[in-house]
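Bear in mind that the values here come from a model prediction, so they are computed numbers and not experimental data.
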Amino acid sequence: MVAPQKNFSLIDELLADQQQLQTPAARFADAHSVFQQNGDTALLSALSVQLIPLTVPGPGEQYAFEVSLDSCTGCKACVAACHSLNGLDEHETWRDTGLLVSPEPDHPFTQTITTACHHCADPACLNGCPVLAFEKDPITGIVRHLDDQCIGCNYCVLMCPYDVPKCNPSRGIVRKCDMCHDRLGHGEAPACVQACPTHAISIVTVSTHIGKNPRADTSAFLAAAPDPAHTQPTTRYVSKSPLPKNLVAADAAVIQPQPPHWPLVVLLTLMPMAIGCSLADKILSLPNPALTIAGWLAGAAGLSLSILHLGQPRRAWRVFLGLRKSWLSREAVVFGAWFPLATTYAAGRLGWLSIPDPLRSTLAIGTAALGLAGLFCSVMIYVDTRREFWRFANTAPRFLGSALVLGLASVLVTPGSPHLIGFALAATTVLKLAFELRAFLPVLGANDHTPLTPTLKTARLLAGPLRRAFNLRVACGLLGGVVLPLMIATGAISAAAAWGAFALLLPAELAERYLFFRAVVAPKMPGVGHA
């Protein structure tokens with residue numbers, strides 16, 4: 001009796017084909033077996049050329065990842081291999097997969113991608129690091145992170161537009177892909193390259209321009225990714241057929257608040273207050289030293305608590321090393337010089353030090369000037385990340401506004417302060433609140449067809465997940481910065497209510513700085529969309 005012939009479906013045939021696939025590592029093993037049997041090196045050499053270059057880059061060249069979009073299936077074998085070989089922690093990843101989709105229902109299209117560090121020609125992580133914990137190999141061009149020098153400030157996370165450096169809380173540092181440089185040095189392909197079953201990833205040599213400002217050819221970079229002009233990523237995404245030009249990331253519509261960075265929230269609220277007090281003390285020349293002491297206390301508290309932001313605070317002494325490029329280094333150096341100057345001036349005002357009047361006036365001017373310089377550095381730290389919500393025109397008025405509002409609020413509670421301070425505080429607070437409310441406006445006229453820009457995403461965050469904090473900030477600002485100061489200035493209530501105004505304005509400014517960090521939209525490589 002003849003057994004009945006089994007019918008194979010298309011799914012069965014595809015699964016059977018998948019079972020025949022070999023990773024590059026498996027193909028190398030087979031080629032090595034052939035070499036051991038008959039000494040034939042042809043197949044082994046051919047496979048080597050497919051995976052990695054056989055020579056080091058020449059002048060004006062560097063190694064780079066090349067991703068074949070026609071071959072990538074999004075199987076995450078590269079992710080698993082990278083995680084395993086590099087001994088990453090449970091929730092740590094150096095390589096990710098993403099998805100590009102067509103926004104037009106009548107023309108559906110999807111494209112899976114794999115992405116890791118792009119080893120940029122002009123890496124933002126390296127330029128922003130205050131302790132020189134990144135280096136770009138002069139021969140291979142690989143951007144490496146030096147774990148033993150990292151202080152865990154996470155500024156590289158903010159600087160990188162591709163979400164490459166990843167914070168590792170358990171180690172107190174960040175880490176990232178280094179293209180398995182040790183394996184490359186021994187003629188072996190990186191883990192992701194060897195593990196890919198479709199040979200979608202390889203290492204190639206790309207050209208860069210030699211000079212003070214190296215430029216990489218970014219014409220083969222992913223169109224739906226953040227603008228490559230900033231850091232000049234070297235990764236090449238290639239396809240035999242051009243991708244549709246209107247592709248978007250599958251997770252483009254996903255909006256979520258960013259980490260609050262509480263120590264920085266406190267630092268960037270109290271330091272502006274200290275600077276505002278210094279300016280008011282110099283301008284008004286009040287006989288009471290309370291304003292000087294308030295400013296010193298605010299600055300001391302802000303600088304002390306900022307250390308909590310570092311994963312490795314014992315290495316913080318190295319923060320001056322990046323002074324040539326990093327605004328974070330510049331801020332640390334300027335505020336580091338401000339503190340002893342402010343301490344000396346405060347001691348003189350209290351009578352603990354005998355300081356002649358001309359020198360005391362010079363100290364007051366120097367303290368205020370250094371404070372303003374440090375505040376400018378604080379602004380540029382976030383402007384340098386090139387995030388839309390943190391652009392200079394939005395960040396500078398916020399930081400300077402906090403200095404003015406909290407400085408005037410401190411004057412209001414100082415005995416002997418001018419009568420018109422209440423009016424000045426109310427006017428300043430109204431202007432600052434009106435400026436902040438502008439960020440909320442894009443959501444009012446938006447509809448389902450409105451392009452989802454970073455500005456609109458920020459507005460939706462403020463109107464959605466961050467609504468309570470936004471309302472609290474506005475309510476406390478209006479009551480403490482407008483209503484109470486005006487009532488005090490007009491004599492409607494006692495001057496003692498000034499402490500109530502200050503008690504409301506301080507949390508109001510803390511809430512505003514909290515929203516500054518949480519409502520920003522962080523650029524990243526395309527990921528997988530969420531339902």
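Taken to the nearest 0.5 Å, the NE2 atom of His230 stands 6.5 Å off from the CG atom of Asp384. A distance of 13.0 Å separates CG of Leu264 from CE of Met271, quoted to the nearest 0.5 Å. In this structure, Leu126 CG and Ser326 OG are separated by 10.5 Å, a value rounded to the nearest 0.5 Å. Atom CZ of residue Phe335 and atom CG of residue Leu370 lie 9.5 Å apart, to the nearest 0.5 angstrom. Taking NE2 of His181 as the start and NE2 of His119 as the end, the distance is 10.5 Å to the nearest 0.5 Å. Atoms CD1 and OG1, from Ile142 and Thr234 in turn, are 9.5 Å apart once rounded to the nearest 0.5 Å.
Considering only heavy atoms from C-beta on, Asn471 stays 4.5 Å or farther from Val474 through its side chain. You'll find the side chain of Pro465 reaches within 4.5 Å of the side chain of Pro257, heavy atoms only. Inter-residue side-chain proximity for Asp96 and Met525 is flagged as unmet; no heavy-atom pair is nearer than 4.5 Å. Side-chain contact between Leu51 and His199 is present, with heavy atoms from C-beta onward closer than 4.5 Å. The shortest side-chain heavy-atom distance between Leu100 and Leu222 falls under the 4.5 Å cut-off. Within the 4.5 Å cutoff, side-chain heavy atoms of Phe470 are placed close to those of Leu437. Between Leu267 and Leu303 the shortest side-chain heavy-atom distance falls below 4.5 Å. Counting heavy atoms from C-beta on, the side chains of Leu268 and Ser378 come closer than 4.5 Å.
Close placement of the Phe516 and Trp390 rings is indicated, their centers lying within 6.0 Å of each other.
Other residues, nucleotides and ligands contribute at most 12 non-hydrogen atoms within 6.0 Å of the CD1 atom of Ile139.
Of the possible polar contacts, one joining the Thr198 side chain to the Ser71 backbone as a donor-acceptor pair under 3.5 Å is found. Although no hydrogens or angles enter the test, the distance criterion places no donor-acceptor pair under 3.5 Å between the side chain of Arg467 and the main chain of Leu462. Side chain of Lys176 to backbone of Val143: a donor-acceptor contact under 3.5 angstrom is found. Side-chain N or O atoms of Thr450 include one that pairs as donor or acceptor with a backbone N or O of Asn447 at under 3.5 Å. The backbone N or O of Ala116 lies less than 3.5 Å from no partner atom in the side chain of Tyr162, so there is not a single donor-acceptor pair. When atom types are taken as modelled, the side chain of Arg183 and the backbone of Ala189 share a donor-acceptor pair closer than 3.5 angstrom. A donor-acceptor pair under 3.5 Å is absent between the side-chain atoms of Ser239 and the main chain of Leu69, judged by distance alone. Between the side chain of Asp178 and the main chain of Arg144, no donor-acceptor pair closer than 3.5 Å is present. Put simply, the side chain of Thr269 gets close to the backbone of Val265: a donor and an acceptor are under 3.5 Å apart. Although no hydrogens or angles enter the test, the distance criterion places no donor-acceptor pair under 3.5 Å between the side chain of Thr112 and the main chain of Leu99.
Between Arg473 and Glu512 there is no salt bridge, since no side-chain N of the basic residue sits under 4.0 Å from a carboxylate O of the acidic one. Between Lys524 and Asp251 there is a salt bridge, since at least one side-chain N of the basic residue sits less than 4.0 Å from a carboxylate O of the acidic one. Taking 4.0 Å as the cut-off between side-chain N and carboxylate O, Lys457 and Glu388 do not count as a salt-bridged pair. A salt bridge between Lys166 and Glu92 is absent, with no side-chain N of the basic residue lying under 4.0 Å from a carboxylate O of the acidic one.
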One pair to check against side-chain hydrogen bond (donor to acceptor under 3.5 Å, both in side chains): Thr208 and Gln62. What are the steps and the verdict?
CA-CA 7 Å; Thr208 60; Gln62 72 164 76; 5.2 Å; no
Do Asn246 and Ser102 pass the side chain to side chain contact (heavy atoms under 4.5 Å, CB included) test, and can you show the C-alpha distance, the side-chain angles, and the key distance before you say yes or no?
CA-CA 7 Å; Asn246 63 340; Ser102 171; 4.2 Å; yes
Derivation and outcome, side chain to side chain contact (heavy atoms under 4.5 Å, CB included), residues Leu184 and Thr140
CA-CA 10 Å; Leu184 281 173; Thr140 64; over 6 Å; no
Show, in sequence, the C-alpha distance, side-chain angles and deciding distance for Leu88 and Arg175, and conclude whether the side chain to side chain contact (heavy atoms under 4.5 Å, CB included) test is met.
CA-CA 10 Å; Leu88 305 187; Arg175 301 202 296 177; 3.9 Å; yes
Start with the C-alpha gap between Ile275 and Leu372, add the side-chain angles, then the distance that decides, and say whether side chain to side chain contact (heavy atoms under 4.5 Å, CB included) holds.
CA-CA 7 Å; Ile275 295 161; Leu372 286 173; 4.0 Å; yes
Go through Arg171 and Asp89 one step at a time and tell me if the salt bridge (Lys or Arg N to Asp or Glu O under 4.0 Å) criterion holds.
CA-CA 10 Å; Arg171 300 172 187 266; Asp89 292 347; 3.3 Å; yes
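Contact record, Gly141 with Lys136: O-NZ, 2.6 Å, taken as the closest heavy-atom pair. The two residues Arg324 and Arg330 have their closest heavy-atom pair at O-NH2, 2.7 Å. Here the closest heavy-atom approach between residue Cys192 and residue Cys78 is recorded as CB-CB, 3.7 Å. Contact detail for Cys167 and Pro169: the closest heavy-atom pair is O-CD, 3.4 Å. Looking at every heavy atom in both residues, Pro233 comes nearest to Thr218 through O-CG2, 3.6 Å. Of all heavy-atom pairs spanning Gly302 and Leu270, the tightest one is N-CD1, 3.8 Å.
For the pair Arg398 and Tyr382, the cation-pi test (distance below 6.0 Å, angle within 45°) is failed. Remark: Arg513 is not positioned above the aromatic ring of Phe517, lacking an NZ or CZ atom under 6.0 angstrom from the ring centre and at most 45 degrees off the axis.
Counting only N and O atoms by type, the side chains of Glu61 and Thr205 include no donor and acceptor under 3.5 Å apart. When only modelled atom types and interatomic distance are considered, Asn168 and Ser170 share a side-chain donor-acceptor pair under 3.5 Å.
Aromatic ring pairs are classed by plane angle as parallel below 30°, tilted from 30° to 60° and perpendicular above 60°; the pair Phe221 and His118 is perpendicular.
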Would you be so kind as to tabulate the donor-acceptor pairs closer than 3.5 Å made by side chains of residues 147-158, with sequence neighbours excluded?
from: Asp147; atom 1: OD1; to: His145; atom 2: ND1; distance (Å): 2.7
from: Gln149; atom 1: OE1; to: Arg318; atom 2: NH2; distance (Å): 2.6
from: Tyr155; atom 1: OH; to: Ile381; atom 2: O; distance (Å): 2.5

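Residue pairs satisfying the ring-ring contact (aromatic ring centres under 6.0 Å, His included) criterion with at least one member in residues 301-333, sequence neighbours excluded, are listed as follows: His261-His309, Trp327-Phe376. The stretch residues 87-107 participates, sequence neighbours left out, in no ring-ring contact (aromatic ring centres under 6.0 Å, His included) pair at all.
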